[in-house]
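In what follows, chains are A, B, ... by sequence order, proteins preceding strands, each numbered from 1.
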Amino acid sequence: MRIGLFVPCYIDAFFPQVGIATLELLERFGHEVVYPRDQTCCGQPMANSGFNAECAATEALFVRNFSGFDYVVGPSGSCVHHVRDNFDAIEQSDEVKQVRARTYELVEFLHDILKVDAFPWARFPHRVGLHNSCGTLRRLKHAKPSELNEPFFSKPMDLLSKVDGIEFVMPARPDECCGFGGTFSVFEEVVSTKMGYDKVSDHARAGAEYIVSADSSCLMHQQGCAERIGVPLKFIHIAEILNGASA
Amino acid sequence: MTSPAEQSSGSAVLHPEMVAAEDTHAIYRDGHRLDHAEGASKPFRSQPEPQPRGAKVHGNRPINQAEAAARFIAAPEHEKMHDERLWDLRQKRDREMHHIPEWEQLRSLASAIKEHTLTHLDEYLDQFEANARANGIHVHWARDAAEHNRIVHGILSDHGAKSLIKSKSMLTEECGFRHYMASVGIEVTETDLGERIQQLDKEDPSHIVVPAVHKLRTDVAKVFADTIGTDPDNNDVHYLAEAQREATRPLILAADAGMTGGNFVVAETGTFVVCTNEGNADLSANVPKLHIASIGIEKIIPRLEHLAVFVRLLSRSALGSPMTQYTSHFRGPRAGGEMHVVLVDNGRSERLGLEEFWTSLKCIRCGACMNTCPAYRRSGGLSYGATYSGPIGLIIDPTFNARKYSNLPFASSLNGSCSNVCPVRINIHEQIYAWRRELVKRHDVPLVKKAAMKAAGELLSRPVAYRAAIAAADVALAHLPRFVIYNGLNAWGKHREVPHPPKHTFHSWYQANRGGKQ
Amino acid sequence: MTSRDDILASIRANLPRVDRPLPHVPLFDESPPPSLLSAFKKSLERMGGIFLDPPDTGDVLAPVRAKIASAKVVCSTVPEIAGNRDIARVDATQDLADVDFAIVRATFAVAETGSVLLSDTDLHVNAVAYLAQHLIVLLDPADIVVNLHHAYRRPEFRDRHYASFHTGPSATADIEGVLIHGAQGVRSLSVLPSPRTL
Ligand code: SF4
């Protein structure tokens with residue numbers, strides 16, 4: 001299958017290793033992975049602030065870049081959520097609808113589409129706290145959120161459990177928001193960073209060495225918070241662990 | 001079966017330093033520590049600290065929620081107590097939910113019943129009115145807050161009533177009722193403990209179910225010492241609660257009239273239902289001869305069988321207790337008494353016409369969305385500067401005043417936990433998102449923000465210009481956050497570190513390593 | 001136009017044009033507890049109520065007599081126990097302000113929540129159930145329904161002017177989450193299983 005690799009703007013700029021891990025990981029399963037070089041962003045930053053009309057040209061560019069692939073895969077839950085659920089500044093032609101429907105976040109793509117059952121190259125002998133970003137948890141439904149009385153499942157945990165040596169720690173509030181929230185992180189920076197401090201302290205108290213997540217934006221925020229208050233945690237994207245990063 | 005991911009917390013808390021060493025006052029039954037009723041939590045203990053006050057209100061100017069929230073966070077004893085107590089309520093709610101296998105079905109039923117009723121609101125109100133009148137209840141209609149206040153005043157004047165005891169009602173908060181009554185010389189006494197504390201402190205309720213949840217015991221001790229003459233050095237909670245009981249009881253016995261709200265209204269029987277934990281609504285309704293109930297028109301449901309669904313959900317969602325201590329059904333005046341119901345619109349019928357927002361009228365005011373909201377728990381309810389705070393406030397306050405509350409829909413990380421706990425399945429976080437769009441459309445956001453967003457939209461749609469702008473990663477660091485997160489590094493870096501710039505962008509790595517491919 | 005007409009007209013103008021049928025509400029009674037009385041007792045105790053286990057002697061009223069032994073004012077509306085304040089002769093609710101114990105019979109109870117329903121017919125003067133310091137409720141074990149769905153099928157909600165579920169005593173935790181019984185209303189609520197004597 002032909003996969004379009006969607007590397008969101010902040011991953012491109014700040015976390016290139018996450019893009020590389022995603023590319024290599026998808027290639028390990030024998031698929032043709034193409035990175036359309038004219039890609040920039042999905043439009044979420046503007047839309048999240050209420051400026052939907054301002055997203056139109058960016059959304060159109062996204063469709064031009066990603067039209068025609070069997071799947072579009074990106075390592076960012078919130079961006080994929082935007083494309084799939086809110087991407088409506090442009091006219092919803094068949095082409096637009098198709099691109100939106102074929103866009104997947106990496107974890108769900110590995111879990112639901114590729115149905116990966118082993119990562120023999122991966123070994124991560126560390127204690128990790130899993131951070132499900134709110135976009136992946138409550139929008140893309142990566143896992144059962146604690147608020148619902150439904151059977152438990154967790155796609156990222158399913159995948160990570162197949163990695164040799166990994167050990168999970170459980171914080172007091174496993175699926176509390178870390179406070180990133182896009183524009184929220186600056187609009188309400190004091191509340192946002194307080195939530196971040198609480199989040200990283202909770203993981204540290206539970207004994208985590210690493211926080212792992214499918215969303216680099218949350219990790220960027222949490223890392224910034226941890227460094228500021230001196231919580232000695234490391235942060236890693238799930239793509240890196242699944243691709244065999246050693247530490 | 002709970003999996004490893006669910007056997008999370010148990011007794012773990014975010015702020016272990018707040019957990020009281022011993023709980024000498026705990027009440028036990030059959031070996032179990034009781035935690036029912038209004039906001040009972042794990043035993044926490046705070047250190048005295050001056051109480052942070054709420055948002056500064058300047059007429060119609062947009063409320064700066066972020067500023068008030070920052071002051072709340074700067075008072076760590078208050079912030080931690082508030083956060084832990086409300087999180088504890090959320091956990092008790094989860095516990096109750098797991099006792100009810102049909103929980104998610106009940107939520108769907110509740111939502112469907114409310115949506116049906118709201119789409120036939122005129123018919124059901126009509127039916128309620130006819131039935132209530134037939135039972136001997138006087139029914140009044142008030143278009144807005146001012147008319148509500150006038151009607152109640154009129155009823156009181158007709159009876160020569162000078163004093164009124166009342167139970168907690170968000171609707172009367174919405175109507176500025178106590179201020180109005182003070183201006184016409186009627187003495188109003190709130191009988192809910194939390195609401196009474198707030199009344200005595202001349203402060204609005206900060207939470208729709210636990211109005212004084214933002215206060216520490218030492219704050220309450222100070223308020224009571226100043227107003228009802230308790231010992232300023234005694235902040236024992238039992239002492240304070242008992243002193244309030246003793247001080248309020250004579251006011252209850254002497255009151256000329258009683259007032260309650262209404263949690264539900266049943267059309268088929270002409271009944272209204274009031275749920276409380278303290279029994280104060282029943283005292284207000286049953287001690288004086290005159291009982292007035294102020295009720296929003298959206299509280300109606302068709303039949304008694306529907307009531308079961310809501311009563312099962314309400315207290316479990318609100319407090320993590322299976323039922324409120326008192327759930328009282330008023331179908332007509334008692335012998336020798338008189339009963340009035342004031343049905344209040346105050347913007348509700350107009351809200352019904354807002355395509356994206358009308359389902360906010362399903363709200364049963366349980367407060368679960370506030371308890372679960374990570375931003376609310378850390379901001380305190382008074383930071384919103386509005387009658388309704390927390391997630392439900394973000395989506396209904398702008399219907400009262402879009403300009404004044406234009407910042408509120410941005411005071412959310414859009415995490416969505418609120419929608420998941422909502423017993424009537426309001427898509428709260430989606431409505432918060434929709435309000436952002438709406439406010440931009442109505443030009444109720446700052447121009448500078450608009451200019452930044454427009455520039456970002458233009459740059460992000462032009463790949464060549466975009467690449468030139470962030471040619472190197474350290475350049476990106478200077479530029480990117482400005483449009484990724486609108487406001488740049490100032491706000492980002494004030495309380496957290498900026499990301500470390502990598503050697504290259506993914507784009508340039510790809511060019512260098514996979515350049516031949518495309 | 002009156003306010004009533006205005007409001008109804010505004011509602012009609014704004015009604016969402018969507019079809020929302022009224023759902024059927026099941027009774028959710030597929031797996032009732034083996035004993036309604038024990039389930040009721042458990043729920044009641046969780047809510048802070050006291051269940052008066054009948055003593056082995058067979059004298060079911062003994063626990064009530066023990067409770068009220070040192071009380072000054074007892075107001076009973078049940079024939080099983082005599083009080084010293086006759087509710088039939090109370091003309092102002094304020095006359096009940098000094099009642100130490102009120103004794104009433106519940107119309108019925110709900111196992112799911114531990115609630116007892118007290119109506120105007122049971123109370124004679126509604127305020128007695130709130131002004132008294134303590135409340136004792138007699139309950140016929142045959143009068144327990146399994147859950148609230150069944151409860152709301154009962155006729156009392158259609159023919160009484162006032163009916164209140166009491167689920168434990170008056171309670172609050174408005175100050176720092178500390179549980180207090182007797183915030184405004186009764187400080188304790190005890191339930192004694194006792195069949196109706198017809
Ligand atoms: S919006 Fe939902 S959760 Fe929030 S108070 Fe209303 S009913 Fe409760």
Side-chain angles (χ1 to χ4, degrees), chain B residues 25 27 29-30 34 36-41 85 102 109 112 115-116 119 121-122 141-143 147 191 193-194 210 212 217 220 237-238 240-241 245 253 269 277-280 282-283 286-287 304-305 307-309 311-312 322-323 325-332 334 345 349-350 352-353 358, chain C residues 2-4 6-8 10-16 18 20-23 25 28 43 45-48 93-94 97 112-113 115 120 126-127 130-131 148-149 151-153 157-158 160-186:
Chain B
H25 287 306
I27 303 171
R29 287 277 183 282
D30 205 20
L34 299 183
H36 64 94
E38 208 162 318
S41 67
R85 273 188 68 193
E102 61 268 23
L109 284 168
E115 291 193 7
H116 167 83
T119 53
L121 188 56
D122 52 336
W141 300 72
R143 274 170 283 222
E147 189 171 16
T191 54
L193 171 59
V210 274
R217 65 181 77 196
V220 177
V237 176
H238 286 257
L240 294 170
R245 177 184 167 111
L253 291 170
T269 52
N277 286 294
E278 301 182 8
N280 60 307
D282 294 281
L283 283 165
N286 287 316
V287 175
L304 283 170
E305 67 188 83
L307 190 51
V309 174
V311 173
R312 292 187 78 195
M323 181 108 168
Q325 309 291 118
Y326 299 98
T327 303
S328 299
H329 308 74
F330 297 90
R331 214 184 117 257
R334 59 180 200 270
D345 184 340
S349 61
E350 237 174 90
L352 199 56
W358 69 274
Chain C
T2 64
S3 300
R4 177 188 189 279
D6 257 4
I7 293 170
L8 289 174
S10 172
I11 290 171
R12 286 183 193 118
N14 285 304
L15 279 184
V18 290
R20 293 288 190 275
L22 196 54
V25 180
F28 295 108
S43 308
E45 289 182 339
R46 273 200 62 199
M47 294 295 291
T93 47
Q94 288 76 4
E112 174 194 359
T113 53
S115 313
D120 40 10
N126 297 342
Y130 308 97
L131 287 172
L148 285 167
H149 301 284
Y152 281 114
R153 301 264 158 143
F157 294 107
R158 296 173 189 277
R160 311 264 160 103
H161 271 198
Y162 177 75
S164 179
F165 282 123
H166 286 215
T167 312
S170 163
T172 188
D174 268 342
I175 306 174
E176 280 196 7
V178 177
L179 179 62
I180 308 273
H181 284 168
Q184 295 287 10
V186 300

Shorter than 4.5 Å, heavy atoms on both sides: which option in G168(C), G182(C), A163(C), A151(C) has the most such pairs with chain B? A163(C)
What distance separates N277(B) CG from D174(C) CG, expressed to the nearest 0.5 Å? 8.5 Å
With sequence neighbours left out, the residues meeting salt bridge (charged side-chain N to carboxylate O under 4.0 Å, His left out) with R312(B) are E102(B), E112(C)
Counting heavy-atom pairs closer than 4.5 Å to chain C, which one of D345(B), V287(B), L240(B) comes out on top? V287(B)
Can you say whether T2(C) sits under 4.5 Å from chain B via the side chain, the backbone, both, or neither, judging by heavy atoms? backbone
Quick check: do L193(B) and I175(C) have side-chain heavy atoms less than 4.5 Å from each other? yes
Could you grab the distance from atom CG of L304(B) to atom OH of Y152(C), nearest 0.5 Å is fine? 8.0 Å
Point-to-point distance, once rounded to the nearest 0.5 Å, from NE2 of H238(B) to CG of L179(C): 7.5 Å
Evaluation steps, ring-ring contact (aromatic ring centres under 6.0 Å, His included), between F330(B) and Y162(C): CA-CA 5 Å; F330(B) 297 90; Y162(C) 177 75; 5.2 Å; yes
Identify the two heavy atoms, one from F157(C) and one from R331(B), that lie closest to each other, and give their separation to 0.1 Å. O-CD, 3.4 Å
Please check: side-chain N/O of R245(B) versus main-chain N/O of G185(C), any donor-acceptor pairing under 3.5 Å? yes
Within the side chain of N14(C), is there an N or O that forms a donor-acceptor pair under 3.5 Å with the backbone of S349(B)? yes
Of all of T119(B), L121(B), T269(B), which one pairs up most often with chain C through heavy atoms under 4.5 Å apart? T119(B)
Under a 4.5 Å heavy-atom cutoff, which of M47(C), R153(C), R160(C), Q94(C) has the most pairs with chain B? M47(C)
Could you check which of N126(C), D120(C), L22(C) has the highest count of heavy-atom pairs closer than 4.5 Å to chain B? L22(C)
Non-hydrogen atoms of S170(C) and G279(B) that approach each other most closely: OG-N, 4.5 Å
Once rounded to the nearest 0.5 Å, what's the spacing between atom OG of S10(C) and atom CG of L352(B)? 8.0 Å
Is the backbone N or O of S164(C) less than 3.5 Å from a side-chain atom of S328(B), with the two atoms forming a donor-acceptor pair by type? no
Could you have a look at T191(B), D282(B), L283(B), L109(B) and say which one has the most heavy-atom pairs with chain C under 4.5 angstrom? D282(B)
Report the C-alpha distance between T167(C) and H36(B) in whole Å, list the side-chain angles of each, state the deciding distance to 0.1 Å, and finish with yes or no for side chain to side chain contact (heavy atoms under 4.5 Å, CB included). CA-CA 10 Å; T167(C) 312; H36(B) 64 94; over 6 Å; no
R143(B) and S3(C) side chains, donor-acceptor separation under 3.5 Å: yes
Using a cut-off of under 4.5 Å for heavy-atom pairs, which of A127(C), S115(C), P169(C) has the most such pairs with chain B? P169(C)
Go through the steps for D122(B) and L8(C) under the test side chain to side chain contact (heavy atoms under 4.5 Å, CB included), then give the verdict. CA-CA 6 Å; D122(B) 52 336; L8(C) 289 174; 4.1 Å; yes
Looking only at heavy atoms, the pair that brings A142(B) and I7(C) closest together is O-CD1, 3.4 Å
Could you tell me the separation between the CG atom of N280(B) and the OG1 atom of T172(C), rounded to the nearest 0.5 Å? 8.5 Å
Contacting region of V220(B) [heavy-atom separation from chain C under 4.5 Å]: side chain
If you tally heavy-atom pairs under 4.5 Å between each of I180(C), V186(C), T113(C) and chain B, the highest tally belongs to I180(C)
Residue P21(C) versus chain B: region with a heavy atom under 4.5 Å: backbone
Can you name the closest pair of heavy atoms from L34(B) and R46(C) and give their distance? CD2-O, 3.6 Å
Under 4.5 Å from any heavy atom of chain C, what part of L253(B) do you find: side chain, backbone, both or neither? both
Determine yes or no for a side-chain-to-main-chain donor-acceptor pair under 3.5 angstrom, with E176(C) supplying the side chain and R217(B) the backbone. yes
